[in-house]
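Each remark here refers to the structure printed beneath this line.
Letters A, B, ... mirror the listed sequences (proteins, then strands); counts begin at 1.
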Amino acid sequence: MAELLQFVFSGLTVGAIYALVALGFTLIYKASDIINFAQGEFVMLGGMTTVFVTLAGVSLPLAALIAIIVTTAIGLALHRFAIEPARGASPVALIMITIGASIFLRGVAQIIFDRRFHSLPSLFGGDPIKFGGAAILPQSLVVLASAMVIVTLLWLFIDRTLLGKAVIATAANRLAARLIGVDTRRIVDFSFAVSAAIGAIAGVLITPIALTSYDVGTLLALKGFAAAMLGGIGSALGAVVGGLLIGLFEAFAAGYLSSNYKDAVAFLIILVVLVSIPQGLFGRAKIERV
Amino acid sequence: MLSIENVKSAYGRIEVLHGVTLYVGVGEIVTLIGANGAGKTTLMRAISGVQPITDGSIRFKSVPIEQQPAHARVASGISQVPEGRQVFEPLSVKDNLKLGAWRRRDGDLEQDLARVCALFPMLEAIWEMPAGALSGGQQQMLAIGRALMAKPQLLLLDEPSMGLAPNLVDHVLSVIRALKNDSLTILLVEQNARAALSIADRAYVMETGKVTLSGAAAEIQADHRVREAYLGI
């Protein structure tokens, strides 16, 4: 029982990070039909920038803030200088561009930072809290709480503000959005910026637990993508549930089978989802009405 | 108010507008009739700036606007009710209407929402319903209401009667008349030529990307070619 609880704790912690990555996918997909495979690099940039700014002597909270701002700016630049000039190209071509951007960002990070693993001190110390025979790191609670706050804020923003509704309108009907005067390019700008910021926050949060290096983004992006697919691409609720489920499956696979299989879980889930429920758990099947 | 000169537009390499010239005077209802595929919708989209043009000029209140992005044209007073209604399906009726005023920076949305409700009383009962759940007629009222929320000077209506029951067509026509009396200028695209000609001041007939006939609505209605081709007489 204690063992199960332990797996649940660790599963939910990484799951919360996958959920944040999946939310980034969802937001950009909603606004622009693009799957942004550089989403994982946002997480890496958040973690790595924080590490290197603290090494320069800046306090952790300020360094984290700088990292989030820098990553947000990079997200905006990705849209403005890589995606936007190719406007009108097919979604597949645009997805290719994001893959290229992800490789590019990884390469640059390797040069500017380094190729080693780094960690950050956790916010509330490293002593695990005992609970029901299982141990949970204080940072795990920080991760879970932050993820909840971000999801709630995002939901409030989408549901309660006119700008949020303009994002939904753009996602639902781009032509109509342009006809009522929504500058849809700005909306997509905005979705890239917010996704990058969420990714960077995830990177700052996870680094004390999981370490970071220039290439952690690849696997995170794939797992976040698996989470988004499982939840139903385009559904925010699906992204959160999908993320937590993948985290849990991973933790169980690592605990009960072998940690060698941990990373295979996400890929297995992608396959199963694509074959059996391509619209995901919360996604709606696309119905074309004429 | 709107003057279009020699406008050409293409989808890829296929040109669909081969130099269209027309104008709409202040306070007029001008209708554009023609068969499917004549380029009416393409022209409407070009006026709103969501369809690029390859040649020609579009002037609104004597200002050339063909280089302006779509959102700037909405801000300057051109609003469109697109073909097929195109309401924001996941959003409520209220939110659809509020978004209609997206470009406006002056307040007083409540008053305008009330005005739209007065025009389309049926919307009030379905205020919180998602637009995707509405009937075609309700969606059409919503689409017109949404366009009016922008407080336009020129309203572009693309096939507002399409797919509506006859009594709803009459309702839409009476609303268009009421809007004209409210000193709104209207460019109306219709396949229902009879209905369009009955309320328009002037009319243009479009065929395969060109204007082939123009004149006062009564004249056009009497033209034997129009009677044969579009009125089925």
Query raised in the report: Does a side-chain heavy-atom distance below 4.5 Å link B/Val189 with B/Thr31?
Result: no
Requested in this report: Tell me, for B/Arg85 versus chain A, whether the close heavy atoms (under 4.5 Å) come from the side chain, the backbone, both or neither.
Outcome: neither
Report task. Please examine the side chains of B/Asp55 and B/Val7, heavy atoms only from C-beta on, and report whether any two atoms are closer than 4.5 Å. Result -> no
Query raised in the report: With a 4.5 Å heavy-atom cut-off, do B/Leu184 and B/Lys180 have their side chains touching?
Result: no
Query raised in the report: Does the side chain of B/Trp127 reach to within under 4.5 Å of the side chain of B/Ser92, using non-hydrogen atoms?
Result: no
Report summary line: To the nearest 0.5 Å, atom CD1 of A/Ile34 lies from atom CD1 of A/Ile83 at 4.5 Å
Query raised in the report: For B/Val87, is it the side chain, the backbone, both, or neither that has a heavy atom closer than 4.5 Å to a heavy atom of chain A?
Result: backbone
Query raised in the report: Is any side-chain heavy atom of A/Ser191 closer than 4.5 Å to a side-chain heavy atom of A/Val194?
Result: no
Report task. Taking heavy atoms only and a threshold strictly under 4.5 Å, list by residue number the residues of residues 34-51 of chain B that touch chain A; give 'none' if the list is empty. Result -> B/Arg45, B/Ser48, B/Gly49, B/Val50
Query raised in the report: Quick one: which residues of residues 152-168 of chain B reach chain A at under 4.5 angstrom, heavy atoms only?
Result: none
Query raised in the report: Is there a donor-acceptor contact under 3.5 Å from the side chain of B/Glu124 to the main chain of B/Pro121?
Result: no
Query raised in the report: Less than 4.5 Å apart, any side-chain heavy atom of B/His171 and any of B/Phe120?
Result: yes
**Report entry** More than 12 heavy atoms from other groups under 6.0 Å of CD on A/Glu84
**Finding:** yes
**Report entry** Nearest heavy atoms of A/Phe25 and A/Ala228, plus distance in Å
**Finding:** CB-CB, 4.3 Å
**Report entry** pair B/Ile58-B/Leu2: side-chain heavy atoms closer than 4.5 Å
**Finding:** yes
Query raised in the report: Do A/Leu220 and A/Tyr18 touch side chain to side chain, with heavy atoms closer than 4.5 Å?
Result: yes
Query raised in the report: Any cation-pi pair here, B/Arg146 with B/Phe88, using under 6.0 Å and within 45°?
Result: yes
Query raised in the report: At what distance, to the nearest 0.5 angstrom, does CD1 of A/Ile246 lie from CG of A/Leu230?
Result: 5.5 Å
Report task. Specify the closest pair of heavy atoms between A/Gly46 and A/Thr71, including all atoms of both residues, with the distance to one decimal. Result -> N-OG1, 3.7 Å
Report summary line: For residues 155-167 of chain A against chain B, heavy atoms under 4.5 Å, the residues are A/Leu162, A/Leu163, A/Lys165, A/Ala166
**Report entry** Lys/Arg-Asp/Glu bridge criterion (N-O < 4.0 Å) met for B/Lys94, B/Glu128
**Finding:** yes
Query raised in the report: With a 4.5 angstrom heavy-atom cut-off, which part of B/Leu99 approaches chain A: side chain, backbone, both or neither?
Result: both
Report summary line: Ordered numerically, the heavy-atom neighbours of chain B under 4.5 Å found in residues 168-182 of chain A are A/Ile168, A/Ala169, A/Ala172, A/Asn173, A/Leu175, A/Ala176, A/Ala177, A/Arg178, A/Leu179, A/Ile180, A/Gly181, A/Val182
Requested in this report: Would you tell me whether B/Tyr23 and B/Glu5 have side-chain atoms, one donor and one acceptor, within less than 3.5 Å of each other?
Outcome: no
Report summary line: Here the gap from A/Ser195 atom OG to A/Gln39 atom CD, rounded to the nearest 0.5 Å, amounts to 5.0 Å
